[in-house]
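The structure under discussion appears below in the form of structure tokens.
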Amino acid sequence: AQKITQTQPGMFVQEKEAVTLDCTYDTSDQSYGLFWYKQPSSGEMIFLIYQGSYDEQNATEGRYSLNFQKARKSANLVISASQLGDSAMYFCAMREASGTYKYIFGTGTRLKVLA
Amino acid sequence: DGGITQSPKYLFRKEGQNVTLSCEQNLNHDAMYWYRQDPGQGLRLIYYSQIVNDFQKGDIAEGYSVSREKKESFPLTVTSAQKNPTAFYLCASSIGAGMKETQYFGPGTRLLVL
């Protein structure tokens with residue numbers, strides 16, 4: 001069964017340093033998409049980055065990059081040069097090409113950036 | 001500006017009462033979704049709709065109902081059959097329902113039981 005696992009309930013990082021948020025997934029599909037969202041305390045989910053299972057290059061969006069290791073079924077989010085505004089919950093999600101059109105979300109990682 | 005709006009921001013429900021959460025989008029997206037978020041948990045899908053006048057149950061549809069009479073609107077009714085409705089409700093939309101389609105979310109409605 002498809003599943004997303006985020007094993008870090010909380011993380012701290014010093015301002016201006018890089019941080020990696022872990023995400024592992026389980027699927028039997030060959031074709032799937034992986035997404036990362038940021039949820040500030042206001043509650044809105046903000047899309048950060050997407051990686052397709054057939055994409056050969058790791059996805060990057062500004063300070064966000066996705067370390068995609070297909071054989072290990074991991075899709076870790078790397079945030080470079082952390083800023084105070086990066087403090088939030090971060091969710092990893094997966095969508096399979098087959099089956100229903102839903103996302104499966106992990107339980108999230110709470111990131112706190114320290115000044 | 002294009003986006004997704006949800007109202008109200010906070011909603012209080014009395015025992016035995018049905019309440020309706022509003023979700024409107026002006027992104028011209030075909031697909032719309034409702035999620036429930038409980039503390040310490042990820043999002044769980046309640047209902048989704050790929051086109052007007054069509055919708056499907058998600059993982060936790062019991063005690064909820066929806067309608068999709070217009071492309072822009074996807075209201076969610078929390079019925080009295082939902083015994084534990086206190087949660088944060090998020091509406092989302094996407095251009096289509098393909099694997100690559102990014103879902104964009106509204107600001108959410110927090111439902112509390114009196």
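Just so we're on the same page: letters track the sequence lines, and every chain starts at 1. Below, each value reflects all heavy atoms present in this structure, side chains not excepted, and no hydrogens, waters or symmetry copies.
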Side-chain heavy atoms nearer than 4.5 Å, only ILVMFWY residues, links allowed to pass through others: does that put [X] and [Y] together?
{"X": "Met32(B)", "Y": "Leu21(B)", "answer": "yes"}
{"X": "Tyr33(B)", "Y": "Phe47(A)", "answer": "yes"}
{"X": "Leu43(B)", "Y": "Trp34(B)", "answer": "no"}
{"X": "Leu34(A)", "Y": "Ile79(A)", "answer": "yes"}
{"X": "Leu77(A)", "Y": "Ile104(A)", "answer": "yes"}

_Give the interface residues of residues 62-84 of chain B toward chain A, defined by a heavy-atom separation under 4.5 Å._
none
*Does CZ in Arg110(A) sit with more than 12 non-hydrogen atoms of other residues, nucleotides or ligands closer than 6.0 Å?*
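Atom CZ in Arg110(A) is not crowded, with 12 or fewer foreign heavy atoms closer than 6.0 Å.
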*Any chance NZ of Lys70(A) has more than 12 other-residue heavy atoms, nucleotides or ligands included, within less than 6.0 Å?*
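Enclosed.
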*Please flag which part of Gln37(B) lies under 4.5 Å from any non-hydrogen atom of chain A: side chain, backbone, both or neither.*
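Contact with chain A involves the side chain of Gln37(B) alone.
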*Leu90(B), part contacting chain A, at a heavy-atom distance under 4.5 Å*: side chain
*Can you tell me how far CG of Leu48(A) sits from OG1 of Thr102(B), rounded to the nearest 0.5 angstrom?*
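Answer for the OG1-CG pair, Thr102(B) versus Leu48(A), is 11.0 Å.
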*In Å, rounded to the nearest 0.5 Å, how long is the span from SG of Cys91(B) to CE of Met45(A)?*
13.0 Å
_Is Gln6(A) close to chain B through its backbone or its side chain, or both, or neither, when contacts mean heavy atoms under 4.5 Å?_
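Interface part for Gln6(A): neither.
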*Apply side chain to side chain contact (heavy atoms under 4.5 Å, CB included) to the pair Glu101(B) and Tyr50(A), showing each step before the final yes or no.*
CA-CA 9 Å; Glu101(B) 301 297 349; Tyr50(A) 165 83; over 6 Å; no
_Verdict with reasoning, Glu44(A) to Tyr104(B), per side chain to side chain contact (heavy atoms under 4.5 Å, CB included)_ = CA-CA 9 Å; Glu44(A) 185 171 356; Tyr104(B) 295 93; over 6 Å; no
*May I ask you to name which of Gly106(B), Ala92(B), Gly58(B) has the most heavy-atom pairs under 4.5 Å with chain A?*
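Top option by heavy-atom pairs under 4.5 Å: Gly106(B).
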*Determine whether the aromatic ring centres of Tyr35(B) and Tyr103(A) lie less than 6.0 Å apart.*
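No, too far apart.
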*Evaluate side chain to side chain contact (heavy atoms under 4.5 Å, CB included) for Tyr37(A) paired with Gln103(B), printing each intermediate quantity in order.*
CA-CA 10 Å; Tyr37(A) 285 86; Gln103(B) 292 187 5; 3.7 Å; yes
